[in-house]
Protein chains: 2
Amino acid sequence: MDIASSEVSDAGTLVACRSCQARHGVVCGALSSSQLRELGRHSLRRKVDAGSEIIAQGAESSFYSNIMRGVVKLCKVMPDGRQQIVGLQFAPDFVGRPFVRESTLSAEAATDSEICVFPRNLLDRMISGTPELQRSLHDQALKELDAAREWMLTLGRRTAEEKVASLLHLIATHAEPQTATSTAFDLPLTRAEIADFLGLTIETVSRQMTRLRKSGVIRIENFRHIIVPDMDELERMISA
Amino acid sequence: MDIASSEVSDAGTLVACRSCQARHGVVCGALSSSQLRELGRHSLRRKVDAGSEIIAQGAESSFYSNIMRGVVKLCKVMPDGRQQIVGLQFAPDFVGRPFVRESTLSAEAATDSEICVFPRNLLDRMISGTPELQRSLHDQALKELDAAREWMLTLGRRTAEEKVASLLHLIATHAEPQTATSTAFDLPLTRAEIADFLGLTIETVSRQMTRLRKSGVIRIENFRHIIVPDMDELERMISA
DNA sequence: CGGAAACTTTGATCTGGATCAAATCGCAAT
DNA sequence: ATTGCGATTTGATCCAGATCAAAGTTTCCG
């Protein structure tokens with residue numbers, strides 16, 4: 001293992017990683033079996049507790065990760081403490097900014113997660129020699145760009161109620177549906193995190209959630225578990 | 001010329017394009033001279049008037065462009081007419097979404113512009129065979145992603161005054177400075193467009209501009225020409 | 001040159017979401 | 001069970017920015 005353990009061991013449990021060899025993750029799908037074996041030799045499966053940082057804003061990082069399980073939030077913080085979540089990532093997304101060592105944002109596990117960590121040097125070398133991998137990472141960047149721009153519309157032009165509905169819709173999209181129309185899931189974010197994603201306050205988020213509940217669009221159990229009886233109804237609230 | 005003129009001639013003047021052969025633009029820098037010659041044979045220099053569309057939201061497009069001169073705004077519109085500008089692009093940026101025919105946003109010239117238009121098929125083929133080009137487009141996508149996320153922070157967490165200052169700062173960044181500290185430029189956007197970029201109304205934009213003027217951070221001539229005597233002062237307003 | 005249309009500023013008022021302030025809930029530790 | 005604490009909800013009030021309404025400016029075209 002050539003990953004300095006000081007970099008990755010302070011917030012989770014390290015176990016040997018065989019997952020990449022099993023072709024999980026955005027990166028692994030684009031590699032040959034010999035590359036996979038090499039990457040596997042140098043990667044670590046890491047459990048990350050909810051709330052712990054994977055990459056710090058402004059810090060240099062010498063590794064990348066694939067998300068194997070859980071939800072990761074990408075966050076920007078201003079000097080005065082104001083905070084904006086600029087993206088959510090789900091398995092099997094790739095975490096890390098190719099080609100640039102310093103990160104302009106932090107990546108933090110929103111739920112208990114598992115990631116597969118591998119060294120930047122090795123992957124950068126593989127990218128150069130593997131057009132398919134370059135393409136795969138390019139695709140992920142374009143996907144994230146689309147998501148970011150869609151969210152800019154939400155932040156700039158939607159009302160608080162539409163914002164909360166948009167968030168529920170986004171998360172519901174990553175849960176497997178119960179039936180043709182209904183979906184249920186656990187929120188991976190606290191009210192404070194939802195507020196930081198939507199550019200609102202926790203009070204407004206809470207009020208809009210109870211509004212949605214009272215109007216029958218969602219049911220809420222234990223603050224965290226959301227049931228959407230009819231996804232179409234949720235979509236109609238977003239006018240998109 | 002194998003670009004259907006119906007696609008590109010309705011809003012500008014077409015002239016034969018030699019600019020790509022001269023290695024302008026994000027795309028052209030990554031091509032060999034024989035590829036440049038081929039691309040040049042199939043590209044058109046097009047003049048685009050301010051306000052005319054380059055790509056329509058939801059439409060399929062069979063061409064890409066390089067911006068040679070001018071400013072292009074990327075815009076998302078909701079069914080009810082609410083609108084959000086999700087990015088500004090300057091020469092020599094690339095316009096178009098690689099690999100995906102249908103655009104989720106519209107690209108429109110904000111100022112009178114010149115773009116170099118070339119066929120999607122040809123460039124897609126060149127991307128596959130030219131890792132350097134793939135890398136160059138990947139870099140542009142990552143740059144746009146950083147810009148989008150930076151703007152999400154602005155939309156979600158900054159005040160109206162900070163938003164307007166952020167916009168002026170963004171545009172000033174793309175103008176060449178007058179002296180070490182001072183910069184001057186013509187705004188490429190109307191107040192309505194600024195409002196759609198910042199998630200505000202035109203009245204609020206106008207009021208904040210006069211506030212900045214009265215506090216001496218900027219001078220305004222003819223509504224459109226902005227003079228920033230001290231860029232540091234502008235940056236301090238953004239707290240970033 | 002005139003005059004209309006589009007853009008911008010300015011003023012008055014309103015309101016959606018922020019802020020301030022308690023309750024209430026749920027859960028972990030004792 | 002009890003306590004204590006963080007997360008959430010709910011209520012009361014406030015205010016930044018929206019909305020409504022004129023009144024300038026500028027541009028452009030006949």
Side-chain angles (χ1 to χ4, degrees), chain A residues 49-52 73 78 80-85 110-112 154-168 186-215 218-226 237, chain B residues 49-52 73 78 80-85 110-112 154-168 186-215 218-226 237:
Chain A
D49 297 330
S52 64
K73 58 177 181 170
M78 292 170 65
D80 63 8
R82 282 178 285 176
Q83 199 164 339
Q84 176 68 44
I85 294 181
T111 64
D112 290 347
T154 299
L155 289 172
R157 289 303 186 200
R158 290 207 235 255
T159 65
E161 184 177 51
E162 291 171 323
K163 285 179 175 185
V164 171
S166 298
L167 178 92
L168 295 174
D186 278 357
L187 277 178
L189 303 178
T190 65
R191 298 293 184 272
E193 290 171 317
I194 293 172
D196 281 341
F197 198 16
L198 295 172
L200 299 172
T201 59
I202 54 176
E203 293 93 335
T204 298
V205 169
S206 176
R207 278 186 247 273
Q208 297 301 336
M209 298 263 289
T210 65
R211 252 169 74 85
L212 289 175
R213 177 169 55 72
K214 286 181 178 165
S215 73
I218 58 172
R219 288 200 295 128
I220 307 179
E221 287 170 6
N222 257 335
F223 300 144
R224 180 182 292 103
H225 188 72
I226 306 288
M237 307 210 58
Chain B
D49 297 330
S52 64
K73 58 178 182 170
M78 292 170 65
D80 63 8
R82 281 177 287 176
Q83 199 164 337
Q84 176 70 41
I85 294 182
T111 64
D112 291 346
T154 300
L155 288 172
R157 288 303 186 201
R158 291 207 234 254
T159 65
E161 183 177 53
E162 291 171 323
K163 283 180 175 184
V164 170
S166 298
L167 178 91
L168 295 175
D186 278 356
L187 278 176
L189 303 178
T190 66
R191 298 292 184 274
E193 289 170 318
I194 293 173
D196 282 340
F197 198 15
L198 295 172
L200 299 171
T201 60
I202 53 176
E203 294 93 334
T204 298
V205 170
S206 177
R207 278 185 248 273
Q208 297 301 335
M209 298 263 288
T210 66
R211 252 167 74 86
L212 289 175
R213 178 169 55 72
K214 287 183 177 164
S215 73
I218 57 172
R219 289 199 295 127
I220 307 180
E221 288 170 6
N222 256 336
F223 299 146
R224 178 182 292 104
H225 188 73
I226 307 288
M237 306 209 60

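Lettering of chains follows the sequences in order, A, B, ..., and the numbering in each one begins at 1.
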Can you name the residues that form a side-chain contact (heavy atoms from CB on, under 4.5 Å) with A:I202, not counting sequence neighbours? A:R191, A:A192, A:A195

Taking only residues two or more places apart in sequence or in another chain, which ones pass side chain to side chain donor-acceptor pair (under 3.5 Å) with A:S206? none

Report the distance from atom CD1 of A:I194 to atom C1' of D:dA7, rounded to the nearest whole Å. 12 Å

Scan nucleotides 8-24 of chain D nucleotide by nucleotide, 5' to 3', and note B when protein non-hydrogen atoms come under 4.0 Å of the base, S if they reach only the sugar-phosphate, - if neither. SBBBB----SSBB----

Which pairs count as salt bridge (Lys or Arg N to Asp or Glu O under 4.0 Å) when at least one residue sits in residues 199-212 of chain B, sequence neighbours excluded? B:E161-B:R211

Rounded to the Å, how far apart are A:N222 CG and C:dT24 P? 19 Å

A:R211 CZ to C:dG16 C1', straight-line distance once rounded to whole Å: 11 Å

Side-chain ion pair, A:K73 and A:D196, N-O less than 4.0 Å: no

Going by side chain to side chain donor-acceptor pair (under 3.5 Å), name the residues that satisfy it together with A:D80, two or more places apart in sequence or in a different chain. A:R82

One should read off an interatomic distance between A:T111 OG1 and A:D49 CG, to the nearest 0.5 angstrom, of 10.5 Å

From CA spacing to verdict: side chain to side chain contact (heavy atoms under 4.5 Å, CB included), B:T204, B:K163: CA-CA 11 Å; B:T204 298; B:K163 283 180 175 184; over 6 Å; no

If you round to the nearest 0.5 Å, how far is NE2 of A:H225 from CG of A:D186? 6.0 Å

What is the separation between atom CG on A:D196 and atom P on D:dA7, rounded to the nearest whole Å? 13 Å

Could you state the CG-P distance from B:D186 to C:dT8, rounded to the nearest angstrom? 13 Å

Quantify the bending of the helix from C:dC1-D:dG30 to C:dT30-D:dA1 as the angle between its end axes, each fitted on five pairs, to 10°. 40°

